[in-house]
Engineer: 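Take a look at this one; I'll ask things after.
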Amino acid sequence: MDRVIMAIALALAAAPAARAQDAAGGDTGDTAQQTVSVTMPEHCAVLDSSRIISVVVCDGPRDEATFAEAGRAACGARRPCGAWIWPSRDVAPATAPANHDGLTQAEVVSSQGVWVAERELFVRIERAE
C-alpha cells in the first residue's frame, strides 16, 4: 500500500512543477493533446465530478490505454484534474471528493488507478496478493 501512495504522491507532486514550466514558457503539450481522442470509451462513464476530481467507472477491458482515454475525456481541459477509475459502480464513491485527500484508503485500493491530467499520466493501483 505504501508503494501505491508514494507513486500517487509523486505523480501529483510533479503536477505543480509542470504548471510552473508552462507558465514560464515551457512546452504545454498542446500539440500532443490535439492529436489525442477525448471521446469517452463506450464501456466507461463519469459518475460525478468536483472541481478537481472525476469518478469514472470502466466495466469493460482493463487496459491502460482505455483508462488513459477515459481520464482524458473525463478531465477535458480542467487542470488540475485527476480522474479516478473503478471497475464497477459498487466500489466507486457516489460523490467526487473536493480533492485527492478526500478518497478513503478503501476507495483508493479498489480503484484501477488515476489519470493525472497535468502529467498526461495514468498511475495504476497494484494490489498486493
Side-chain angles (χ1 to χ4, degrees):
M1 179 64 191
D2 290 338
R3 286 186 309 157
V4 168
I5 293 172
M6 181 60 74
I8 294 169
L10 289 172
L12 296 174
R19 283 195 306 274
Q21 179 184 9
D22 292 348
D27 180 21
T28 63
D30 289 341
T31 304
Q33 287 182 336
Q34 290 171 2
T35 62
V36 176
S37 169
V38 290
T39 303
M40 183 64 69
E42 185 175 300
H43 56 279
C44 298
V46 175
L47 300 184
D48 192 39
S49 290
S50 66
R51 188 176 64 78
I52 297 175
I53 304 294
S54 286
V55 173
V56 180
V57 171
C58 290
D59 60 3
R62 290 176 172 49
D63 60 274
E64 289 191 22
T66 299
F67 297 149
E69 184 178 359
R72 281 186 194 97
C75 286
R78 269 186 305 149
R79 301 293 184 273
C81 181
W84 285 84
I85 301 173
W86 283 270
S88 73
R89 290 176 183 264
D90 297 337
V91 294
T95 304
N99 57 49
H100 299 283
D101 293 340
L103 293 169
T104 67
Q105 181 176 352
E107 290 168 339
V108 169
V109 298
S110 67
S111 75
Q112 298 295 318
V114 59
W115 170 255
V116 182
E118 302 87 315
R119 299 295 295 163
E120 290 281 315
L121 173 71
F122 180 75
V123 179
R124 182 179 283 279
I125 303 298
E126 295 183 25
R127 288 149 197 81
E129 299 293 328

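FYI, side chains are in, hydrogens and waters are out, and symmetry mates aren't considered; it's all heavy atoms of this structure.
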Engineer: Write down the atom of I125, the atom of G113, and the distance for their closest heavy-atom approach.
Structural biologist: CG1-CA, 3.5 Å

Engineer: Can you find a pair of side-chain heavy atoms, one from P97 and one from E107, that are under 4.5 Å apart?
Structural biologist: no

Engineer: H100 versus I52: any side-chain heavy-atom pair under 4.5 Å?
Structural biologist: yes

Engineer: Considering all heavy atoms of both residues, which atom of H43 and which atom of P61 are nearest to each other, and what is their separation?
Structural biologist: NE2-CD, 3.2 Å

Engineer: Of V114, V56, V123, which meets side-chain contact (heavy atoms from CB on, under 4.5 Å) against W84?
Structural biologist: V114

Engineer: Where is the tightest heavy-atom contact between A96 and S50, given as atom of each residue plus distance?
Structural biologist: CB-N, 3.6 Å

Engineer: According to ring-ring contact (aromatic ring centres under 6.0 Å, His included), does anything in residues 48-78 pair up with another residue at least two apart or in another chain? List the pairs.
Structural biologist: F67-F122

Engineer: For residues I85 and V91: do they belong to one hydrophobic cluster (side chain heavy atoms under 4.5 Å, members Ile, Leu, Val, Met, Phe, Trp, Tyr)?
Structural biologist: no

Engineer: Residues two or more places apart in sequence or in another chain: which of them pass side chain to side chain donor-acceptor pair (under 3.5 Å) with R89?
Structural biologist: none

Engineer: Using modelled atom types and a 3.5 Å cut-off, is there a donor and acceptor pairing between side-chain atoms of D48 and backbone atoms of V55?
Structural biologist: no

Engineer: Which atom pair, heavy atoms only, marks the closest approach of A74 to S54?
Structural biologist: O-OG, 3.7 Å

Engineer: With rounding to the nearest 0.5 Å, note down the distance linking CD in E126 to CD in Q112.
Structural biologist: 11.5 Å

Engineer: Report yes or no: does W115 contribute a side-chain atom to a donor-acceptor pair with the main-chain N or O of E69 at less than 3.5 Å?
Structural biologist: no

Engineer: Quick one: closest heavy-atom pair of C81 and E118, and the distance?
Structural biologist: O-OE1, 3.2 Å

Engineer: Got a sec, which pairs hit salt bridge (charged side-chain N to carboxylate O under 4.0 Å, His left out) with one end in residues 50-68, sequence neighbours left out?
Structural biologist: E64-R124

Engineer: Measuring from S110:OG to Q105:CD, what's the distance to the nearest 0.5 Å?
Structural biologist: 10.5 Å

Engineer: I'd like to know if V46 and I53 are part of one continuous hydrophobic network [Ile/Leu/Val/Met/Phe/Trp/Tyr, side-chain heavy atoms within less than 4.5 Å].
Structural biologist: no

